[in-house]
Amino acid sequence: MLTPATAHQTAGPYWHMIDFPEWADLLRAGSGNEGVEGERITLTGRITDGDGAPVVDGLVEIWQAGPDGRYDGAFHGFGRCATDAEGRFRFATLKPGAVPGRGNAIQAPHIAIAVFARGLMRHVVTRAYFAGEALNATDPVLGLVEEARRGTLLAQPSGGGAWTLDIRLQGDGETVFLDV
Amino acid sequence: MSDAIPYRALDAATQPPLDAPAYGSTRKRHPKHPLLRIPQTLTETSAPRFDEAGYPVQADMSQVGGKAALGERIIVGGRITDEDGRPQAGVMVEVWQANASGRYHHPRDQHDAPLDPNFEGRARIFTDADGRYSFVSIRPGAYPWRNHHNAWRPVHIHFGLHGAGFAQRMITQMYFPGDPLLDLDPIFHATPDKAARERLVSKFDLDLTKPEWALGYRFDMVLRGRDATPFETQ
């Protein structure tokens, strides 16, 4: 007989007891990723609420493929970062490659993002794509997003491998969150 | 290549909604747009690999450096399965909680209750081949919060689970049987289905209880199962 999945409950304001700040650097010594070849990038963003106020107690996790487009390859694409007093998070990683989609589809390079926080009963999930990437035009997930809101999933470059994607939980410019 | 088998959709009645007005912090933090349903891809059906070599086990919260924490020692254990009852092996379980006085070892917790130098309040364990886990801790205390007048959180332990798929990622809370605060808690009550709420309440377990040492509480958890329906490729 089927037992439904356990109910999620909020991570609350004190989840930092499981914060290990070094996990935000996927290229840190001892990560196992040091020897993997690829393009070094940072992914930074600010999380705000419906009033535009910073979410200062957020837990951000990322999951991404390696530069080879594999989730089970040499690169371990998991990171965790606490938001700071301005609601900011920052990950250091390698740019993921294109990933197989369903059927014969190809997904544009992207990083899956999960946000947990006080006031979020369950984490919300979104993706960071890379603005200007040719494969974005045919990405099967981006294609499901109405054009007016697609920009909320597009990280913007600011040079030197730095990419920025702000996350708005509610209100004007609300991020597209995915039901996965 | 063959497509990864997606996870079954969550049953809304058995999950808390993101918009839960009685829990004030959801007001400005829940998305107003409906979540966009997407077909699961490898991104959702794969997950980080964690192992004990890179993520050391810490299964005893009841002491620090051999010095015992204050409070009632407890053993918490259970089994993690998927919705079809299959044991989930190698799940990394992260645990955190308040001390016996109801205070977290956390700079933002300013509750007027004593900290305990011998209680850090966090653990990390992995499930075995049969999906079982256990750890030793101290029964946490209830603590006040500012959600409404005279609001107190029921005694609880936070659990974070990393399964075999990013779509299975879950953070939840375990409660204790017979806690009078459960009836008053808007977080607990946000989940509409009564049976689903009751599954968040651990059970006293004499088999887990160790004579002359500690009471045992059993808390089983269920991760999303794979969808049996074959996916039609375009």
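Just so you know, these numbers come straight off a predicted model, no measurement behind them. Order of the sequence lines fixes the chain letters, A, B, ..., with proteins taken first and strands second; residue numbering starts at 1 for each chain.
Here the straight-line distance linking atom OG of B/Ser25 with atom CE of A/Met121 works out to 9.5 Å at 0.5 Å rounding. Within the model, atoms CG of B/Asp84 and CG of A/Leu2 stand 5.5 Å from one another, a figure rounded to the nearest 0.5 Å. Of the inter-residue distances, the one linking A/His8 atom NE2 with B/Gln15 atom CD reads 4.5 Å to the nearest 0.5 angstrom. A distance of 13.0 Å separates OG1 of A/Thr175 from CG of B/Leu36, quoted to the nearest 0.5 Å. Of the inter-residue distances, the one linking A/Gln9 atom CD with B/His156 atom NE2 reads 9.5 Å to the nearest 0.5 angstrom. A distance of 8.0 Å separates CG in A/Leu178 from CG in B/Leu35, rounded to the nearest 0.5 Å.
When heavy atoms are compared at a cutoff of 4.5 Å, A/Pro13 approaches chain B solely by way of its backbone atoms N, CA, C and O. At a 4.5 Å heavy-atom cutoff, the contact between B/Leu200 and chain A is made by side-chain atoms alone. For chain B, the nearby part of A/Glu61 is the side chain; its heavy atoms alone come within less than 4.5 Å. With a threshold of 4.5 angstrom between heavy atoms, B/His33 approaches chain A through its backbone and through its side chain. For a residue to count as touching a neighbouring chain, one of its non-hydrogen atoms must lie under 4.5 Å from one of that chain's; by this rule A/Val176 touches chain B with the side chain only. Heavy atoms closer than 4.5 Å to chain A are found nowhere in B/Gln168, neither backbone nor side chain. Within the 4.5 angstrom heavy-atom criterion, atoms from both the backbone and the side chain of B/His105 approach chain A. Only the side chain of A/Val125 has a heavy atom closer than 4.5 Å to any heavy atom of chain B. If you measure heavy-atom distances from A/Tyr71 to chain B, the contacts under 4.5 Å come from both the backbone and the side chain.
Put simply, of B/Gln40, B/Met221, B/Gln97, B/Arg169, the one with the most heavy-atom pairs under 4.5 Å next to chain A is B/Arg169. Of the listed residues (A/Ala112, A/Ser31, A/Gly119, A/Gly30), the one with the most heavy-atom contacts under 4.5 Å to chain B is A/Gly119. Counting heavy-atom pairs closer than 4.5 Å to chain B, the top-ranked of the candidates A/Val145, A/Thr10, A/Val55, A/Ile47 is A/Thr10. Comparing B/Leu223, B/Ile187, B/Thr81, B/Asp19 by how many heavy-atom pairs each has under 4.5 Å with chain A, the most go to B/Ile187. The most heavy-atom pairs under 4.5 Å with chain A, out of B/Tyr7, B/Trp96, B/Phe159, come from B/Trp96. Your options are B/Thr14, B/Leu10, B/Asp109, B/Leu18, and the one with the most heavy-atom pairs under 4.5 Å with chain A is B/Asp109. The residue among B/His30, B/Arg8, B/Arg49 with the most heavy atom pairs within less than 4.5 Å of chain A is B/Arg49. The choice from B/Val95, B/Asp82, B/Thr191, B/Thr41 that makes the most heavy-atom pairs within less than 4.5 Å of chain A is B/Thr41. The greatest number of non-hydrogen atom pairs below 4.5 Å with chain B, out of A/Gln64, A/Arg122, A/His76, is found for A/His76.
Here the shortest heavy-atom pairing between A/Thr3 and B/Val222 reads O-CG1, 3.4 Å.
The cationic group of A/Arg127 does not satisfy the cation-pi geometry with B/Phe166, failing either the under 6.0 Å distance to the six-membered ring centre or the 45° limit from the ring axis.
Atom CG of A/Asp172 is surrounded by 12 or fewer heavy atoms from other residues, nucleotides or ligands within 6.0 Å.
Classification of B/Arg122 and A/Asp19 as a salt-bridged pair fails, no side-chain N sitting under 4.0 Å from a carboxylate O. Remark: B/Lys28 does not engage A/Asp49 in a salt bridge, criterion side-chain N to carboxylate O under 4.0 Å. Between B/Lys32 and A/Glu174 there is no salt bridge, since no side-chain nitrogen of the basic residue lies less than 4.0 Å from a carboxylate oxygen of the acidic one.
For the pair B/Glu120 (side chain) and A/Met17 (backbone), a donor-acceptor distance under 3.5 Å is absent. Looking only at distances, a side-chain donor or acceptor of B/Arg29 sits under 3.5 Å from a matching main-chain atom of A/Arg118. Checking side-chain atoms of B/Thr172 against main-chain N and O of A/Ala7 turns up a donor-acceptor pair under 3.5 Å. The closest donor-acceptor contact from the side chain of B/Arg199 to the backbone of A/Thr6 lies at 3.5 Å or more, if one exists at all.
At least one side-chain heavy atom of A/Trp23 sits under 4.5 Å from a side-chain heavy atom of B/Tyr55. Within the 4.5 Å cutoff, the side chain of A/His16 has heavy atoms near those of the B/Arg108 side chain.
Checked against a 6.0 Å centroid threshold, the rings of A/Phe78 and B/Phe50 count as neighbours. The aromatic ring centres of B/Tyr104 and A/Trp15 sit 6.0 Å or more apart.
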